[in-house]
Amino acid sequence: MRRRSLLLAAVPAGLVTLAGCGDNSSSSSKASASPSASASVPPPKIVDGPLPAITAGTKFDEKPTVAKGTGDPSKNLAVKTVIAGSGKTVAENDFIQANYLGQIWSTAKVFDQSYDRTPLLMQLAAGSIIDGWRYGLAGKKVGSRVLMAVPPTWGYGSSGNSQAGIKGTDTLVFVVDILNSFNSKSSSTGKVVAQTDAALPKIGTNTDGKAPSIDIPKVDPPKKLVSNYVLEGDGPEVQSTQTVLCQFKGEVWDSGKVFEQTYESGRLAQFSVQQMQEVVKGLAQGITGKKVGSRIVVVTPPDLAYGDNPPSGGVVKKGSTLVFTVDILAAM
């Protein structure tokens, strides 16, 4: 099973998911991080050093080698942009996709890195990542390489992380390559695919972060699962073992009523495909195998949706066929 980053805490409860589906990642971990400071604590002072040198792997998204720290590290958060990107500016509460390497200042022992695995996908939010990252990466641009020295106050605190070999007095050094960023205004930007089947819903192709239209035809719904591209991206295909970050909107076929959506809500949805398999099987199956960066339409018949057990008090009724439009922003 894929090893979960040591940096991550529990996935924030504020993320939207379908009724009955939790927000935890399916990836495992030897250790998970707890945020080192509460929201009531003033932000750190950010300084430009001291920082150890990157001695090899100096190109963007190349696995780096970092020298051992010399002398005493700063008690403040040291941050330096080693390579300046030209992409979107990252803000607090955005999601970023990044490769990184983390090591201990005093020993240069690497305790975690993603370059030999899958890039990390996480939110720069209190409770979901160590505060050194939350403050150190906000304001940086996609395409940047950032070097940071994170003191215990903004890392794992006085308790450290024994499973990772981090003591409560250790300053941590990170190299972070910011590959992409996402927020509630993000949309898929793939190539438009013709929607020619008049018996299926037609989905809007706007890419401005607003909810695409869903035009459901006045015919009987299909009896089998439908999953088609609306905008075809060029990313890797989503695997059944992954967690996806997406925008989505769900409507009931018969009534055309929206039962849940993230568009224009200020939030994104993050869920594991395996967990979704236990809630709305058709959505999990419809996403699997589709390319990251795509918008898809998924029509789920009742036996692959909620069947005779819909969420109480909602617009989804027994035997409802559901229509989803999903922007697959990233997968991990």
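Just so it is clear, the values below take in all heavy atoms, side chains as well, and ignore hydrogens, waters and symmetry mates.
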Give the minimum heavy-atom separation between [X] and [Y], together with the two atoms involved.
| X | Y | result |
| --- | --- | --- |
| S144 | G85 | OG-N, 2.8 Å |
| I178 | A98 | CA-CB, 4.2 Å |
| S227 | I296 | OG-CD1, 4.2 Å |
| V79 | G136 | CG1-O, 3.6 Å |
| S240 | T288 | N-CG2, 4.0 Å |
| A149 | L77 | O-CD1, 3.7 Å |

With K185 as the cation and Y263 as the aromatic partner, state whether NZ or CZ is under 6.0 Å from the six-membered ring centre and within 45° of the axis.
->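 No, a cation-pi geometry is absent between K185 and Y263.
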
Is the shortest side-chain heavy-atom distance between [X] and [Y] below 4.5 Å?
| X | Y | value |
| --- | --- | --- |
| T321 | P302 | yes |
| Q285 | L304 | yes |
| K191 | L231 | no |
| L120 | N99 | no |
| I96 | L137 | yes |
| Q123 | I129 | no |
| Q270 | L121 | yes |
| T205 | V230 | yes |

Quick one: does [X]'s side chain have a donor or acceptor within less than 3.5 Å of a partner on [Y]'s backbone?
| X | Y | value |
| --- | --- | --- |
| S114 | R117 | no |
| N206 | K210 | yes |
| K317 | G314 | yes |
| T81 | I83 | no |
| S320 | L322 | no |
| W105 | V150 | no |
| Q242 | V273 | no |
| Q277 | Q274 | no |
| S188 | S294 | yes |
| T107 | K109 | yes |

Heavy-atom count check: over 12 atoms from other residues, nucleotides or ligands less than 6.0 Å from [X] [atom1]?
| X | atom1 | result |
| --- | --- | --- |
| D208 | CG | yes |
| D197 | CG | yes |
| K80 | NZ | no |

Would V299 and L225 count as a side-chain contact (heavy atoms from CB on, under 4.5 Å) if you check the C-alpha gap in whole Å, the side-chain angles of each, and the deciding distance to 0.1 Å?
-> CA-CA 6 Å; V299 181; L225 178 70; over 6 Å; no

[X]-[Y] co-clustered via ILVMFWY side chain contacts under 4.5 Å:
| X | Y | answer |
| --- | --- | --- |
| V219 | V297 | yes |
| V280 | W253 | no |
| L172 | Y135 | yes |
| I203 | V252 | no |
| V173 | V146 | no |

Looking only at the side chains, is there a donor atom on one of [X] and [Y] sitting less than 3.5 Å from an acceptor on the other?
| X | Y | answer |
| --- | --- | --- |
| T262 | Q247 | yes |
| D177 | Y115 | yes |
| K141 | S86 | no |
| Y100 | D112 | yes |

How far does [atom1] of [X] sit from [atom2] of [Y], to the nearest 0.5 angstrom?
| X | Y | atom1 | atom2 | answer |
| --- | --- | --- | --- | --- |
| D61 | L179 | CG | CG | 5.0 Å |
| S213 | E251 | OG | CD | 9.0 Å |
| D170 | Q103 | CG | CD | 11.5 Å |
| F95 | S186 | CZ | OG | 10.0 Å |
| L329 | Q97 | CG | CD | 10.0 Å |
| R145 | F60 | CZ | CZ | 8.0 Å |

Hey, is K318 close enough to D308 for a salt bridge, meaning N to O under 4.0 Å?
->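 Looking at D308 together with K318, the answer is no, because their closest N to O distance does not fall below 4.0 Å.
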
Does the distance from a Lys or Arg side-chain N to an Asp or Glu carboxylate O, for E92 and R134, drop under 4.0 Å?
->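 Salt bridge between E92 and R134, a charged N being under 4.0 Å from a carboxylate O: yes.
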
Taking distance alone, no hydrogens or angles, what donor-acceptor pairs closer than 3.5 Å link side-chain atoms of residues 43-55 to residues at least two apart or in another chain?
from	atom 1	to	atom 2	distance (Å)
T55	OG1	T65	O	3.3

Verdict with supporting geometry, L268 and F182, side-chain contact (heavy atoms from CB on, under 4.5 Å) = CA-CA 9 Å; L268 296 175; F182 310 95; 4.1 Å; yes

Please lay out, stage by stage, how L245 and M332 fare under the test side-chain contact (heavy atoms from CB on, under 4.5 Å).
-> CA-CA 8 Å; L245 180 70; M332 172 180 166; over 6 Å; no

Please identify each residue that fulfils side chain to side chain donor-acceptor pair (under 3.5 Å) with E232, with sequence neighbours left out.
->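 Once residues adjacent in sequence are excluded, the partners of E232 under the side chain to side chain donor-acceptor pair (under 3.5 Å) criterion are K291.
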
Under 6.0 Å between the ring centres of F324 and F259?
->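 Under 6.0 Å, so yes.
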
Step-by-step side-chain contact (heavy atoms from CB on, under 4.5 Å) determination, V323 to I216 = CA-CA 8 Å; V323 181; I216 301 173; 4.1 Å; yes

Determine the interplanar angle of the F111 and F174 rings, folded into 0 to 90°, and report it as parallel if under 30°, tilted if 30 to 60°, perpendicular if over 60°.
->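 The arrangement is perpendicular - the two ring planes meet at more than 60°.
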
